[in-house]
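Notes follow the structure.
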2 protein chains.
Amino acid sequence: MQTHFTIDCVILTFDEGQLKVLLAERNEYPYKDWWALPGYFVNKYEEMADAVARILFEMTGLKDIYMDQLAAFAGVKRHPEGRILTVAYMALVQMEEVKNKISSGSTYMRQLKWFPVTELPDLAFDHKDIIELSLDRLKKTVTFSTTPYELLPAKFTLTQLQQVYEALLHKQLDKRNFRKKINNLGYLKELNEFQKGVSYRAAKLYSFDKKKFHKIFSQD
Amino acid sequence: MQTHFTIDCVILTFDEGQLKVLLAERNEYPYKDWWALPGYFVNKYEEMADAVARILFEMTGLKDIYMDQLAAFAGVKRHPEGRILTVAYMALVQMEEVKNKISSGSTYMRQLKWFPVTELPDLAFDHKDIIELSLDRLKKTVTFSTTPYELLPAKFTLTQLQQVYEALLHKQLDKRNFRKKINNLGYLKELNEFQKGVSYRAAKLYSFDKKKFHKIFSQD
DNA sequence: ACAAAAGTGTTGCGTGTACACCCATGC
DNA sequence: GCATGGGTGTACACGCAACACTTTTGT
């Protein structure tokens, strides 16, 4: 037996203090006019990794983004025209880096838009399940991973970092304890720069030191 | 584009102090006479969960086993006759419970056999990658999960439990510290029974208290 | 001056780790 | 009586949680 086979992309970012996911408004049946994850069919002789990169680019204009496989979804009824197996991938991106690159190069969808994960519209297919699974996955891997830094610009304040942790973990953290812990991690670089354009005391900026991070976690 | 679609099962157990995986000797081309994971094609109108249960039963004789999705593998060249997408599932079973139930009801394979994960034979397709991924997954989820208890008989000694942890984590643990930690978990029942048939001091038996476990971990 | 967010220390408690010897049993 | 694994305690270091006030800046 054979099945159609697609890739769907869960692209997450952090913006305005919350986690957001990139959705596409469909321009085709089924689910025309519904919001859905950007995704499309895999070609016959195409490796999955290549298909993921191609589909991501065609649907969103994004390139060179590391995508992690989330899971396969293959419910017989998930697509009204018969089973379509989809392999969902997820990626974390920095809003500043991508916001000018995003464009729907496909007539298959009408527009792309970021939605806070706490305020999702009705979604096509089982895409809501897919997003929820990606958030679970994220929650499990926050600590001791580069996850938070993939969501932030290269220079960020400690408050922003704390907000990312809070959004990922779904709970409030204590400011002093958070800063103490972060300091002890040893892979944050304190910069001699400050926030600009705020009407209150400007916060110091920090950056993530990838080299130090890998040095610390390379001994298994 | 359409693709063939199979399920492969990674069935793990703990026996003779080591982790073992159930493999099948293939009786069909390609890879005739090679060892492979038990697996087969999904039917057209079959839900994945149903397919997993059916294939597991047909290939191994096992029933009512909870299987977790591991990942989809879809390399164009993984099968010599063209792409066959496989969704790998994994499960943990207790040797005592299954050892008399295992039988290959399919002519598709010649025999089933348990292999220590540290001594795998050459494997068909990309099945070695699949097994390695399952072991990685396991390692990440040992602590604070029921994983170890799924691999052990209902009554077990603390030394057996420690061996399971050591096999899963790939490292040696200190006996006293291990026991202290285990005691503090609060979901082990100390039984008034002892090991039998050993030529040394018989160890006390313990059992896993599922109710207490869930009580402890239910507050999120 | 006021609003807004930045920044800063101490203490108690629990958990992880290192480490070595006696005990019970079957043969 | 000997071989084999079962079973036990203490001391130190470290990380986590609880908790409130002063400082800086722009308007």
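Protein chains get the first letters and strands the later ones, always in sequence-line order, with residue 1 at the start of each.
- What separates CD of A:Gln160 from C1' of C:dA6 is a distance of 13 Å, to the nearest Å.
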Under the ring-ring contact (aromatic ring centres under 6.0 Å, His included) criterion, do A:Tyr206 and A:Phe156 qualify, and how do the steps go? CA-CA 5 Å; A:Tyr206 290 75; A:Phe156 50 84; 7.1 Å; no

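- Among residues two or more places apart in sequence or in another chain, the side chain to side chain donor-acceptor pair (under 3.5 Å) test is passed with B:Ser103 by none.
- Taking atom CG of residue A:Leu205 and atom C1' of nucleotide C:dG7, one finds them 15 Å apart after rounding to whole Å.
- Taking OG1 of B:Thr157 as the start and CD of B:Gln162 as the end, the distance is 9.5 Å to the nearest 0.5 Å.
- Annotation: proximity of residues 178-196 of chain B to DNA chain D (heavy atom, distance under 4.0 Å) is found for B:Arg179, B:Lys180, numbered in ascending order.
- Within the structure, every side-chain polar atom (N or O) of A:Ser199 is placed at least 4.0 Å from both OP1 and OP2 of D:dT25.
- Taking the nucleotide of DNA chain C with the nearest heavy atom to each of A:Asn177 and A:Tyr200, the more 5' of the two is matched to A:Tyr200.
- To the nearest angstrom, P of D:dT25 lies 12 Å from NZ of A:Lys204.
- In the set D:dG7, C:dA6, C:dC19, the nucleotide with an atom closest to the side chain of A:Ala203 is C:dA6.
- At whole-Å resolution of the value, CZ in B:Arg176 and P in D:dG9 are 11 Å apart.
- Between A:Leu173 atom CG and D:dA18 atom C1' there is a gap of 14 Å when expressed in whole angstrom units.
- Rounded to whole angstrom, the span from the NZ atom of B:Lys171 across to the C1' atom of C:dT17 amounts to 11 Å.
- Across the protein-nucleic acid pair, B:Leu158 atom CG and D:dT8 atom C1' stand 12 Å apart, rounded to whole Å.
- Following rounding to the nearest Å, B:Arg201 (CZ) and C:dA24 (C1') show an atom-to-atom distance of 5 Å.
- Among A:Arg179, A:Lys204, A:Lys155, the one residue that satisfies the salt bridge (charged side-chain N to carboxylate O under 4.0 Å, His left out) test with A:Glu190 is A:Lys204.
- Comparing A:Asp174 and A:Val198 by the nucleotide of DNA chain D that holds the closest heavy atom to each, the one mapping nearer the 5' end is A:Asp174.
- Across every non-hydrogen atom of A:Gly39 and A:Asp8, the tightest pair is CA-OD1, 3.3 Å.
- Figure legend: A:Lys63 and A:Phe57 shown as a cation-pi pair, the cationic atom lying under 6.0 angstrom from the six-membered ring centre and within 45 degrees of its axis.
- Residue-level contact check: A:Thr157 touches neither bases nor backbone, having no heavy atom under 4.0 Å from any strand.
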Report the C-alpha distance between A:Glu97 and A:Lys101 in whole Å, list the side-chain angles of each, state the deciding distance to 0.1 Å, and finish with yes or no for salt bridge (charged side-chain N to carboxylate O under 4.0 Å, His left out). CA-CA 8 Å; A:Glu97 271 199 17; A:Lys101 295 182 188 158; 5.1 Å; no

